[in-house]
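In what follows, every chain begins at residue 1, and chains take the letters A, B, ... in the order their sequences are listed.
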Amino acid sequence: AQSVTQLDSHVSVSEGTPVLLRCNYSSSYSPSLFWYVQHPNKGLQLLLKYTSAATLVKGINGFEAEFKKSETSFHLTKPSAHMSDAAEYFCVVSPPGQQGGKLIFGQGTELSVKP
Amino acid sequence: GAGVSQSPSNKVTEKGKDVELRCDPISGHTALYWYRQSLGQGLEFLIYFQGNSAPDKSGLPSDRFSAERTGGSVSTLTIQRTQQEDSAVYLCASSPINYEQYFGPGTRLTVT
């Protein structure tokens, strides 16, 4: 079975400092991996996705993630946090062989950004 | 263009009543999904419709939950005999086949 584990339920950074949100996945095969963001009282928005092309994936708003098969990780990073980045972030896996199928969400990491 | 819309945005119901939640997907999207977001369980997949294929109902938590998709477009999620543990935000998403899912704003259901 496929699953994702987000290693931190809450991360707090200062504005202008780097962001690291950690995610490990479990999958028997090469999965599709995503990061979604959810701002308060807003819908989920796709930040980026990995689908077995380049291992370093660039997303919107300066975020990127690196797929590391040897570590079964897909950590999300941003060089410099902005106040508007404060939100909840979800690491998500889509099982292989299910084109367009269901998404399996991690438990989420709440990112706080201090001025 | 218009995104995924859901109605109502908020619903308060008494335990034991039935509720219907509606989702209008993005026009032309062949796939439609329902998820549930609750404090205790996080974000869970409920059901998935793809074109005319039989839906994937593997995430429905009980037989009190059902969903329909009429004409390949609008979908309704029905919860019968609601229980307090059904309180959650119900999210709908749609996608063109093989592409990322676009989420609606959700319906917040409160069962009193």
Side-chain angles (χ1 to χ4, degrees), chain A residues 1-10 21 23-25 30-53 57-61 63 65 74 87-110, chain B residues 2-7 9-10 23-26 28-61 67 69 72 88-108:
Chain A
Q2 286 75 32
S3 66
V4 287
T5 301
Q6 292 183 244
L7 300 173
D8 306 293
S9 58
H10 185 261
L21 305 183
C23 172
N24 286 112
Y25 69 91
S30 183
S32 294
L33 291 161
F34 309 79
W35 277 96
Y36 278 82
V37 61
Q38 187 176 37
H39 288 91
N41 300 315
K42 297 255 181 98
L44 285 157
Q45 181 183 20
L46 179 68
L47 275 179
L48 50 81
K49 64 179 178 180
Y50 166 77
T51 54
S52 75
V57 182
K58 293 188 183 299
I60 62 172
N61 300 335
F63 284 94
F74 190 58
E88 185 141 25
Y89 292 79
F90 294 93
C91 183
V92 181
V93 64
S94 178
Q98 294 189 25
Q99 301 295 338
K102 65 184 180 184
L103 299 179
I104 298 169
F105 286 78
Q107 288 299 309
T109 297
E110 185 179 354
Chain B
V4 177
S5 61
Q6 294 186 244
S7 61
S9 56
N10 282 283
C23 172
D24 283 89
I26 294 172
H29 282 191
T30 57
L32 186 148
Y33 313 77
W34 284 98
Y35 296 86
R36 178 169 71 174
Q37 186 173 24
S38 57
L39 280 175
Q41 301 298 323
L43 261 156
E44 306 169 279
F45 164 79
L46 296 177
I47 187 169
Y48 158 47
F49 297 90
Q50 173 57 56
N52 295 321
S53 302
D56 176 354
K57 303 180 182 180
S58 60
L60 293 179
R69 189 179 186 193
V89 177
Y90 289 82
L91 295 168
C92 177
S94 70
S95 75
I97 191 168
N98 295 347
Y99 286 81
E100 61 260 29
Q101 297 178 25
Y102 295 82
F103 284 81
T107 293
R108 183 177 297 277

Trainee: Specify the closest pair of heavy atoms between A:Phe90 and B:Gln37, including all atoms of both residues, with the distance to one decimal.
Mentor: CZ-NE2, 3.6 Å
Trainee: Side chain, backbone, both or neither: which part of B:Ile47 has a non-hydrogen atom closer than 4.5 Å to chain A?
Mentor: neither
Trainee: Do other residues, nucleotides or ligands put more than 12 heavy atoms under 6.0 Å from A:Ile60 CD1?
Mentor: yes
Trainee: Please report the interatomic distance CD(B:Glu100) to CG(A:Leu48), rounded to the nearest 0.5 Å.
Mentor: 11.0 Å
Trainee: Any side-chain heavy atom of B:Gln101 sitting closer than 4.5 Å to one from A:Tyr36?
Mentor: yes
Trainee: Any side-chain heavy-atom pair from B:Leu43 and A:Leu103 closer than 4.5 angstrom?
Mentor: no
Trainee: Measure distances from B:Ser58 to the heavy atoms of chain A and classify the residue's part below 4.5 Å as side chain, backbone, both or neither.
Mentor: side chain
Trainee: Does any pair with a residue in residues 33-42 of chain A pass salt bridge (charged side-chain N to carboxylate O under 4.0 Å, His left out), and if so which ones, sequence neighbours excluded?
Mentor: none
Trainee: Measuring centre to centre across the rings, with the benzene-like ring taken for any Trp, is B:Tyr35 within less than 6.0 Å of A:Phe105?
Mentor: yes
Trainee: Could you pull out all residues at least two apart from B:Arg36 that satisfy salt bridge (charged side-chain N to carboxylate O under 4.0 Å, His left out)?
Mentor: B:Glu44
Trainee: Under 4.5 Å from any heavy atom of chain B, what part of A:Gln38 do you find: side chain, backbone, both or neither?
Mentor: side chain
